[in-house]
Amino acid sequence: THACTHAQINLTSGGLVSAAGGIGWAILAATSADDINEVTYAILFSLVSGMMVYICFRELLPTATGYDPKDKYMSKALFLGMLVMAVSLMLFKAQ
């Protein structure tokens, strides 16, 4: 088996993020401002939000559970964060 160090994993991850950002920039730079419409924004925001949700479920919540195995704070903080986001979304919609 081949064991990767944390530094190797971080460098690979950083390189992939940079490459993906470059590809995304190239796609958007190749289109004119008139070509970027609501569908393009919907697709981009959907992809990014899907990545964020995956990271939360795959990495952040299990890590938080590892630091708080008796669930004294983690669930409360999770729902408090959801509440803060919901309230901020409602406030922005009200304007």
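Any value given below was found using the heavy atoms of this structure, including those in side chains, with hydrogens, waters and symmetry copies removed. From a predicted model like this one, the values you see are computed outputs, not experimental measurements.
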message = Quick check on the hydrophobic clustering: are L61 and Y67 connected, directly or via other members, by side-chain heavy-atom contacts under 4.5 Å?
response = no
ask   = In the single-linkage hydrophobic clustering (I, L, V, M, F, W, Y; side-chain heavy atoms under 4.5 Å), do W25 and V17 co-cluster?
value = no
Main-chain N/O of T5 paired with Q8 side-chain donor or acceptor, under 3.5 Å = yes
ask   = What closest approach, in Å, do C56 and P62 show between heavy atoms, and which atom pair accounts for it?
value = O-CD, 4.1 Å
ask   = Looking at CG of L11 and CG of L16, how far apart are the two atoms once the value is rounded to the nearest 0.5 Å?
value = 11.0 Å
task = Give, for atom NZ of K93 and atom OG of S88, the distance between the pair rounded to the nearest 0.5 Å.
result = 11.5 Å
remark   = Rounded to the nearest 0.5 angstrom, the NZ-CG distance for K76 and L83 is 15.5 Å
task = Evaluate the side-chain proximity of M74 to D71: yes if any heavy-atom separation is below 4.5 Å, no if none is.
result = yes
ask   = Is M82 reachable from Y73 through a run of hydrophobic residues whose side-chain heavy atoms are each under 4.5 Å from the next?
value = no
message = For residues L60 and M85: do they belong to one hydrophobic cluster (side chain heavy atoms under 4.5 Å, members Ile, Leu, Val, Met, Phe, Trp, Tyr)?
response = no
inquiry  = Using only atom types and a distance under 3.5 Å, with no angle test, would you say the side chain of K72 pairs donor to acceptor with the backbone of D68?
reply    = no
